[in-house]
There are 4 protein chains.
Amino acid sequence: MSSVNKVILIGHLGTDPEVRHLEGGSTVAQFRLATNEFYKDKQGNRVERTEWHNVVAWRGLAETVEKYIKKGQQVYVEGKIRTRQYQDKDQQTRYVTEIVADEITMLGGGGRSHGEQQGNQAASQANNATAEPNTFRQEPELNELPF
Amino acid sequence: MSSVNKVILIGHLGTDPEVRHLEGGSTVAQFRLATNEFYKDKQGNRVERTEWHNVVAWRGLAETVEKYIKKGQQVYVEGKIRTRQYQDKDQQTRYVTEIVADEITMLGGGGRSHGEQQGNQAASQANNATAEPNTFRQEPELNELPF
Amino acid sequence: MSSVNKVILIGHLGTDPEVRHLEGGSTVAQFRLATNEFYKDKQGNRVERTEWHNVVAWRGLAETVEKYIKKGQQVYVEGKIRTRQYQDKDQQTRYVTEIVADEITMLGGGGRSHGEQQGNQAASQANNATAEPNTFRQEPELNELPF
Amino acid sequence: MSSVNKVILIGHLGTDPEVRHLEGGSTVAQFRLATNEFYKDKQGNRVERTEWHNVVAWRGLAETVEKYIKKGQQVYVEGKIRTRQYQDKDQQTRYVTEIVADEITMLGGGGRSHGEQQGNQAASQANNATAEPNTFRQEPELNELPF
DNA sequence: TTTT
DNA sequence: TTTT
């Protein structure tokens with residue numbers, strides 16, 4: 001206890017979010033977010049490496065992702081790391097590490113692709129009244145790990 | 001480009017660090033760090049969930065980890081997320097997500113176990129002169145992903 | 001818009017928190033938190049510098065601070081920077097920068113001073129059920145800047 | 001000791017950076033960075049509040065700021081809080097709180113104003129080889145507080 | 001496998 | 001003094 005598990009990412013979405021509406025009424029949105037780093041290999045060559053993060057958003061935040069966040073967009077994501085296990089098709093235990101988002105902010109001024117500007121305005125209205133436009137926060141709530 | 005990949009953890013080590021001295025002269029230290037969260041399940045019962053993070057430190061930071069960080073200790077870790085793939089014993093591709101540490105700080109005032117206070121003093125001397133005692137930073141350097 | 005203003009501090013309280021119960025029913029708690037850095041001056045001497053942060057907590061978080069956080073304790077504080085102005089006794093405009101806390105976590109295992117261990121247990125019960133014991137979060141709410 | 005003092009900001013520059021080249025050869029760059037928050041006042045009206053941060057960058061990071069960062073640009077800033085005192089014109093002690101930057105990343109894809117895209121490419125070459133293009137890091141060094 |  |  002007395003622990004902290006915090007992740008801060010700024011990157012671009014590799015695909016449109018996948019959204020599922022669960023039987024209990026919850027919504028889950030998932031997308032892959034790319035961050036990049038550059039380093040020199042042993043030969044002194046400059047190499048780019050892309051890290052792909054599995055971002056998951058729940059409930060209200062998932063619904064906002066569904067409406068306003070698109071492939072290619074640059075976003076700020078704040079959340080926590082969670083590794084969960086599942087059985088693959090051969091019944092072997094596999095692990096996947098995800099970033100469970102608490103807050104997602106659209107960066108870059110928007111307006112880059114079709115309808116995005118409208119999206120942002122709508123987002124402002126849909127959003128929690130105390131948050132900034134283009135910033136979406138997960139309401140603190142039960143966190144049931146329903147996978 | 002223009003991306004951010006940052007992780008901040010506070011937790012306790014589940015085991016002593018494993019340290020390897022590579023043929024090229026580099027040192028790598030790895031340990032598992034526990035963070036805990038509490039939530040209510042659908043029946044309203046309070047459930048604790050432990051997240052285990054794979055922390056990796058390189059070079060000077062690894063050597064400091066080897067000397068001063070022990071099982072059970074509470075530490076602050078700042079770093080970045082990196083997922084790498086490897087072949088398991090059945091030649092299947094597997095993925096593991098790690099936290100590559102840039103900075104590790106001992107918390108809790110030390111003195112909890114044998115020789116720790118001495119350890120901290122030695123650490124201050126071993127450490128980068130501009131950093132705080134008990135705070136260890138990775139020198140920015142080539143980052144060759146040698147796994 | 002689309003902005004981020006986030007502060008993460010780990011330090012020790014310089015004094016017991018000052019708590020005020022406002023006429024509207026709100027509670028405010030304030031304390032000074034010390035962080036330390038070490039650097040070399042131009043003569044190569046090692047110098048320690050203490051930074052004192054003005055931390056402010058509101059409502060439920062303030063009440064928790066009042067009950068469980070004491071002078072000397074090591075805490076993790078997450079929040080945002082806010083500079084506000086006021087008139088000093090000579091009617092001159094002065095500025096003070098504060099950290100408005102969203103989350104406070106007790107570090108170091110507690111038990112260092114009188115009754116602290118009991119305090120932590122009580123804290124677990126008083127706390128938001130989905131949070132960790134020893135971690136206290138501000139409920140997202142109207143943020144009226146009543147100073 | 002064992003402390004953390006970390007600030008993460010995403011905002012827009014209110015003015016072009018002011019850059020000074022000190023007699024000792026050091027360079028300092030300063031700019032004001034705006035972050036915004038929205039809240040409801042007691043009457044339920046939605047109010048915007050802008051927080052202005054004093055950002056300071058030193059040495060190589062200052063030179064990069066001088067070359068590539070302009071008024072209006074959206075940037076990510078990582079650094080630490082520092083409050084310093086000075087004597088005002090009436091010989092009264094005044095305090096100012098600043099964010100001493102360790103890392104500055106240009107956001108928003110650039111290309112918004114004249115020559116910015118070229119600027120980014122030049123920046124990549126000027127920059128530390130292991131960092132990302134558009135991300136500029138302070139080299140860890142003596143930190144002499146020369147104000 | 002940690003911690004309280 | 002920024003941005004949408």
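- We find that CG of B/Leu9 is positioned 21 Å from P of E/dT1, with the value rounded to whole Å.
- The interatomic distance linking B/Arg32 (CZ) with E/dT3 (P) rounds to 15 Å, in whole Å.
- For the residue pair A/Thr93 / A/Gln85, no side-chain donor-acceptor distance below 3.5 Å is found, with atom types taken as modelled.
- Of the residues listed (B/Arg49, B/His53, B/Glu51), the one engaging B/Thr35 in a side-chain hydrogen bond (donor to acceptor under 3.5 Å, both in side chains) is B/His53, and it is the only one.
- For B/Trp52, the side-chain atoms get nearest to E/dT1 when compared with the rest of F/dT2, E/dT1, E/dT3.
- Set against E/dT1, F/dT1, E/dT3, the side chain of B/Thr15 has E/dT1 as its closest nucleotide.
- Across all strands, B/Thr35 comes closer than 4.0 Å to no nucleic acid atom at all (heavy-atom distances).
- Without hydrogens or angle criteria, B/Asn54 side chain to B/Thr97 main chain gives a donor-acceptor distance under 3.5 Å.
- The distance from atom CZ of B/Phe38 to atom C1' of E/dT3 is 9 Å, rounded to the nearest whole Å.
- What separates CD of D/Gln74 from P of F/dT1 is a distance of 21 Å, to the nearest Å.
- For a distance-only test at 3.5 Å, the side chain of A/Ser3 fails to qualify as a donor-acceptor partner of the base of E/dT2.
- Computed from coordinates, the D/His12 NE2 to F/dT2 C1' distance equals 7 Å when rounded to whole Å.
- Nearest to the side chain of B/Asn36, among E/dT1, F/dT2, E/dT3, sits E/dT3.
- Rounded to whole angstrom, the span from the NZ atom of B/Lys71 across to the C1' atom of E/dT1 amounts to 7 Å.
- Rounded to an integer number of Å, the gap from CZ of D/Phe31 to P of F/dT2 is 15 Å.
- In this structure, D/Leu33 places its CG atom 10 Å from C1' of F/dT3, rounding to the nearest Å.
- Of the possible donor and acceptor atoms, one in the side chain of B/Asp16 sits under 3.5 Å from a partner among the backbone N and O of B/Lys71.
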